[in-house]
Amino acid sequence: MPDMQNDFMLAYQDSCSGPTLLLIHGFPLNSSLWEPQLEDLSDTARMLAPDLRGFGLSGSGDEPYSMALMADDCMGLLDALGVQEPVVVCGLSMGGYIAFEFYRRFSDWVAGMILVSTRAEADTPEGKEGRDRMAKQAREEGPEIIAQTMLPKLLAPETYERDEDLVGFVRDMMESSSVDGIAGALMAMKDRPDSTETLGEIDVPTLIIHGDEDQIVPLEAAEKMRDAIPEAELVLIPGAGHLPNLEQAEAFNEVVWDFLETLKQELK
Ligand code: MLT
């Protein structure tokens with residue numbers, strides 16, 4: 001129990017005694033990405049979903065963005081909330097890049113990993129040039145142009161054509177991002193280290209989830225992670241693009257629920 005001012009102990013109840021699930025969103029999104037998981041999985045885990053700096057309701061900060069800075073921000077949140085036990089780190093795409101960095105810096109704090117729609121490799125030289133172009137465009141034309149360019153590729157083609165509500169939900173998230181956040185995250189992704197070497201060092205149970213219609217990260221990237229991480233399983237979600245947790249929320253939640261329940265047994 002925390003010591004409070006005036007010398008008394010404050011008792012409190014928390015939503016759940018399960019492990020903490022740290023949900024790290026992708027680019028250029030925010031913690032609303034995890035709405036279906038926050039709704040359905042709160043009984044099995046304590047859910048913490050930060051808005052990364054520059055996104056959602058968080059401030060942008062003044063420092064140059066890097067994976068290290070954003071991983072430190074996530075650890076800072078756990079510290080501030082007094083989390084005592086290792087957590088399950090779940091990162092989607094850019095969130096996965098941050099999850100690798102979090103693992104490198106704070107492996108004692110990681111009980112399990114969930115890597116969604118992500119890859120271990122760093123950007124290619126062409127990819128880096130694309131980041132510079134996009135950052136310039138964001139500064140000149142605002143977040144709307146980024147949403148317009150990225151949206152058709154983020155979702156499976158059928159979802160993009162038919163699910164107006166979901167398309168609107170994702171567009172709103174993207175358009176609410178600050179220009180500093182967009183440009184900062186692009187530079188952080190451009191300069192991120194290659195995490196291939198880290199894969200073999202991950203010694204916690206790891207679940208890899210990939211949409212079978214992901215147009216941003218190819219399935220081979222997920223297969224490579226599965227082959228290199230000692231305790232990994234890969235689950236393919238049919239009918240989902242880059243955001244399987246939103247596009248096929250029920251199937252996604254079921255897989256995560258099973259993973260967490262098995263992990264809880266192992267942690268006992
Ligand atoms: C993301 O979804 O976080 C980004 O598309 C990742 C990337 O551009 O590498």
Side-chain angles (χ1 to χ4, degrees), residues 22-34 37 49-56 58 65-67 69-71 73-74 89-102 113-138 143 145-156 159-160 166-167 169-178 181-196 208-211 213-222 224-225 237 240-247 252:
L22 175 67
L23 296 157
I24 311 178
H25 63 78
F27 170 87
L29 306 167
N30 60 53
S31 61
S32 310
L33 170 70
W34 303 111
Q37 287 65 54
D51 286 336
L52 294 168
R53 55 174 67 215
F55 298 97
S58 289
Y65 287 27
S66 64
M67 293 303 143
L69 185 69
M70 293 191 276
D73 288 343
C74 292
V89 181
C90 171
L92 184 142
S93 202
M94 178 178 77
Y97 312 155
I98 298 168
F100 290 131
E101 189 63 43
F102 190 94
M113 299 268 273
I114 304 179
L115 300 169
V116 188
S117 314
T118 196
R119 52 154 61 97
E121 297 81 23
D123 277 1
T124 60
E126 302 77 54
K128 287 178 195 280
E129 280 170 24
R131 303 287 191 199
D132 285 333
R133 275 197 304 277
M134 201 186 244
K136 184 165 179 281
Q137 203 180 23
I145 188 72
I146 306 301
Q148 198 179 312
T149 316
M150 282 190 73
L151 244 178
K153 283 183 267 162
L154 273 184
L155 304 170
T159 316
Y160 183 67
L166 187 59
V167 172
F169 179 71
V170 177
R171 181 183 293 113
D172 287 350
M173 249 192 287
M174 295 170 109
E175 291 185 349
S176 75
S177 303
S178 72
I182 291 176
L186 283 165
M187 293 308 104
M189 289 194 283
K190 172 184 161 186
D191 295 333
R192 75 184 187 277
D194 190 296
S195 293
T196 309
I208 299 163
I209 303 182
H210 210 81
E213 297 184 48
D214 192 327
Q215 302 171 71
I216 294 187
V217 180
L219 176 58
E220 297 81 72
K224 272 194 206 164
M225 294 194 297
I237 305 278
H242 194 58
L243 306 180
N245 67 305
L246 283 181
E247 295 175 68
F252 182 96

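For ligands, and for the atoms within them, numbers begin at 1 and follow the listed sequence.
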Side-chain contact test, heavy atoms from C-beta onward, threshold under 4.5 Å: evaluate it for [X] versus [Y] and give yes or no.
X	Y	result
L186	Q137	no
S93	F27	no
R119	Y97	yes

For ligand 1, which atoms sit closer than 4.0 Å to a heavy atom of [X]?
X	answer
G26	3 (O)
S93	1 (C), 2 (O), 3 (O), 4 (C), 5 (O), 6 (C)
Y97	6 (C), 7 (C), 9 (O)

**Prompt:** Could an N or O of ligand 1 be found under 3.5 Å from any N or O of M94, whether backbone or side chain?
**Reply:** yes
**Asked** Could an N or O of ligand 1 be found under 3.5 Å from any N or O of R119, whether backbone or side chain?
**Response** no
**Prompt:** Should the proximity of R131 to ligand 1, defined as any heavy atom under 4.0 Å, be assigned to the side chain, the backbone, both, or neither?
**Reply:** side chain
**Over 12 foreign heavy atoms within 6.0 Å of NZ, K128** = yes
**Prompt:** Does the Q215 side chain pair with the main chain of H242, one donor and one acceptor, at a distance under 3.5 Å?
**Reply:** no
**Asked** Among all protein non-hydrogen atoms, which one is nearest to atom 2 (O) of ligand 1, and what is the separation to 0.1 Å?
**Response** H242 NE2, 2.8 Å
**Least distance between heavy atoms, C74 atom then L52 atom** = SG-CD2, 4.3 Å
